[in-house]
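What follows is one structure encoded as structure tokens, with my remarks underneath.
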Amino acid sequence: MSYYSRLSESFENVPRLPLSRHTKYVLISDCHRGTGTSNDNFLKNQNLYYAALQYYYKMGYTYIELGDGDELWENRSMKQIIEAHGDVFYLLSCFHAQGRLHMIYGNHDMMKKSLRYTVKHCNAYPCCCGNNPHLECRPLLPDIRFYPGIILENVSAPDTRDVYLTHGHQADFLNSTLWRFSRFLVRYLWKPLEHYGVLDPTSAAKNYTKKQKIEQRLHRWAKQENHILITGHTHRPTLSAEDSCYYNSGSCVHPYSITCLEIQQLQIRLVKWALATRPDMSLYVAREVLAEPVPLN
């Protein structure tokens with residue numbers, strides 16, 4: 001199957017969410033939450049992510065995760081990931097309880113496409129948040145489902161284009177069709193070598209040539225299908241008024257920052273969350289808009 005067919009297939013029988021001037025979505029990809037060890041690339045930015053999540057929860061946004069939320073190639077146990085980041089999963093469960101959480105799976109958490117896997121590993125564990133005993137105990141993410149894609153359907157202006165959301169690994173043969181082989185290499189070869197600074201050459205996020213090729217394929221699909229396509233996977237945040245076909249939310253494993261895309265009032269903007277310093281030298285988590293809002297039309 002070609003990359004084009006894999007992308008098109010990802011949007012068959014997927015949820016369609018309303019998109020209007022009154023809806024607010026935040027799109028975050030590639031958290032790669034791990035088990036809290038030295039290989040956990042999410043660990044350095046977990047406080048930034050949690051602060052951003054609190055902001056979006058209080059501001060009434062619906063959270064959409066565009067895949068690779070959990071690092072299940074390097075780690076076998078979803079339970080250990082939940083225990084390491086219990087406060088994050090508790091906040092995600094608050095979104096879920098209000099119907100404001102929607103999840104897409106990527107290549108690094110491909111196992112979540114199995115309903116049996118999600119029922120066993122994502123629904124059953126109580127999130128008690130040992131770091132904060134005052135938080136309410138509840139089932140983690142009851143009845144959560146992970147999808148290959150989600151479509152934001154423009155209900156305000158039906159003649160305009162809808163927004164298609166997916167992870168983006170479908171444009172990468174090694175990380176889609178051969179994902180089990182890639183997982184084997186990451187788990188038993190590149191993970192041990194990461195301690196010595198050796199980067200995984202098969203990763204789209206770490207290989208510039210491969211990253212560029214995948215993004216060209218994603219852009220080509222969006223342009224030929226006349227859709228707005230938003231993905232993650234390559235970890236390179238992208239938003240431009242000159243290119244109204246393809247955008248990328250970036251990742252949560254940038255050095256010292258995370259990026260995401262916000263959709264509000266039928267406009268999309270690229271945002272960075274990072275540590276900043278006040279005049280009195282105290283630190284705080286700052287939200288910075290990286291690009292002017294682009295209309296979704």
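Taking the side chain as every heavy atom from C-beta outward, Leu7 and Arg217 never approach each other to under 4.5 Å. Side-chain contact between Cys31 and Glu65 is present, with at least one heavy-atom pair separated by less than 4.5 Å. The closest side-chain heavy-atom distance from Asn175 to His233 is below 4.5 Å. Put simply, the side chain of His219 does not reach to within 4.5 Å of the side chain of Thr238, judged on heavy atoms. Inter-residue side-chain proximity for Leu19 and Leu266 is flagged as met; some heavy-atom pair is nearer than 4.5 Å. Side-chain atoms of Lys272 and Pro237, non-hydrogen and from C-beta on, never get closer than 4.5 Å to each other. Within the 4.5 Å cutoff, the side chain of Trp273 has no heavy atoms near those of the Leu53 side chain.
Remark: side-chain polar atoms of Glu71 are paired, donor with acceptor, to backbone N or O of Trp73 under 3.5 angstrom. Between the Lys211 side chain and the Arg236 main chain, no donor and acceptor come within less than 3.5 Å of each other. Remark: the backbone N or O of Cys252 is paired with a side-chain donor or acceptor of Asn45 at under 3.5 angstrom. Put simply, the side chain of Thr166 gets close to the backbone of Pro148: a donor and an acceptor are under 3.5 Å apart. Listed for the Glu83 side chain is no donor-acceptor partner under 3.5 Å among the backbone atoms of Ile81. Checking side-chain atoms of Ser8 against main-chain N and O of Ser5 turns up no donor-acceptor pair under 3.5 Å. For Asp109 (side chain) and Gly106 (main-chain N/O), a donor-acceptor pair under 3.5 Å exists by modelled atom type. In this structure, the side chain of Ser182 engages the main chain of Leu174 through a donor-acceptor pair within 3.5 Å. Without hydrogens or angle criteria, Thr231 side chain to Asn248 main chain gives no donor-acceptor distance under 3.5 Å. Between the Asp162 side chain and the Asn154 main chain, a donor and an acceptor come within less than 3.5 Å of each other.
Under the 4.5 Å side-chain heavy-atom criterion for ILVMFWY residues, a single connected hydrophobic cluster contains both Val294 and Leu165. Placement of Leu290 and Val26 in two distinct hydrophobic clusters is found when ILVMFWY residues are connected by side-chain heavy-atom separations under 4.5 Å, directly or transitively. Cluster membership for Leu92 and Tyr147, using ILVMFWY side-chain heavy atoms within less than 4.5 angstrom, is not shared. At a threshold of 4.5 Å between side-chain heavy atoms, the hydrophobic network of Ile, Leu, Val, Met, Phe, Trp and Tyr places Val88 and Phe146 in one connected group. Residue Ile144 is grouped with residue Met78 when hydrophobic side chains (ILVMFWY) are merged at heavy-atom distances under 4.5 angstrom, including chains of intermediate members.
Note: Asp172 CG to Lys213 NZ = 9.0 Å, rounded to the nearest 0.5 Å. Expressed to the nearest 0.5 Å, how far CG of Leu283 lies from CG of Leu275 amounts to 5.5 Å. Once rounded to the nearest 0.5 Å, the distance linking CG of Leu152 with OH of Tyr164 reads 10.5 Å. Ile214 CD1 to Phe173 CZ: the interatomic distance, rounded to the nearest 0.5 Å, is 13.0 Å. Taking CD1 from Ile228 and CD1 from Ile151, the interatomic distance works out to 12.5 Å, rounded to the nearest 0.5 Å. In this structure, OG1 on Thr62 lies 10.5 Å from CD1 on Ile263, to the nearest 0.5 angstrom.
Heavy-atom contacts from other residues, nucleotides or ligands closer than 6.0 Å to CD of Gln216 number more than 12. For Tyr55, the OH atom sits in a packed shell: over 12 heavy atoms of surrounding residues, nucleotides or ligands are nearer than 6.0 Å. Within 6.0 Å of the NZ atom in Lys223, the count of heavy atoms belonging to other residues, nucleotides or ligands does not exceed 12. Crowding of Arg287 atom CZ: a count of heavy atoms from other residues, nucleotides or ligands under 6.0 Å exceeding 12. Atom NZ of Lys24 sits in a crowded spot, with more than 12 heavy atoms from other residues, nucleotides or ligands closer than 6.0 Å.
Side-chain atoms of Asp280 and Ser282 form a donor-acceptor pair, as typed in the model, at a separation below 3.5 Å.
The nearest pair of heavy atoms linking Arg161 to Cys245 is NH1-SG, 4.2 Å. When all heavy atoms are compared, the tightest approach of Arg187 to Asn75 is NH2-O, 3.8 Å. For the residue pair Tyr105 and His167, the shortest heavy atom distance occurs at O-CB, 3.8 Å. Closest approach of Cys260 and Leu27 over heavy atoms only: CB-O, 3.3 Å. Taking every heavy atom of both residues into account, Ile64 and Tyr25 meet most closely at CD1-CD2, 3.6 Å. The two residues His169 and Ser176 have their closest heavy-atom pair at O-CB, 3.5 Å.
Geometrically, Arg220 does not engage Tyr3 in a cation-pi contact defined by less than 6.0 Å to the ring centre and at most 45° from the axis.
Classified by interplanar angle (parallel below 30°, tilted 30° to 60°, perpendicular above 60°), the ring pair His108/His32 is perpendicular.
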Exercise for review: Show the numbers, then the answer: is there a side-chain hydrogen bond (donor to acceptor under 3.5 Å, both in side chains) between Arg269 and Gln264?
Suggested key: CA-CA 9 Å; Arg269 54 183 171 264; Gln264 185 179 11; 2.7 Å; yes
Review point. Checking side chain to side chain contact (heavy atoms under 4.5 Å, CB included) for the pair Ile230/Ile268: CA distance, chi angles, key distance, verdict?
Key: CA-CA 11 Å; Ile230 301 178; Ile268 184 167; 3.6 Å; yes
Review point. Passes side chain to side chain contact (heavy atoms under 4.5 Å, CB included), Leu218 versus Trp221? Steps please.
Key: CA-CA 5 Å; Leu218 294 169; Trp221 183 90; 5.9 Å; no
Point to revise | Full working for side chain to side chain contact (heavy atoms under 4.5 Å, CB included) between Leu101 and Leu141 | key: CA-CA 10 Å; Leu101 178 71; Leu141 298 172; 3.8 Å; yes
Practice item. Test Glu262 against Met59 for side chain to side chain contact (heavy atoms under 4.5 Å, CB included), laying out the working first. Key: CA-CA 12 Å; Glu262 298 175 0; Met59 297 299 291; over 6 Å; no
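Between Phe95 and Tyr57, the ring center distance clears the sub-6.0 Å criterion. A ring-centre distance under 6.0 Å is found for Tyr56 and Tyr61.
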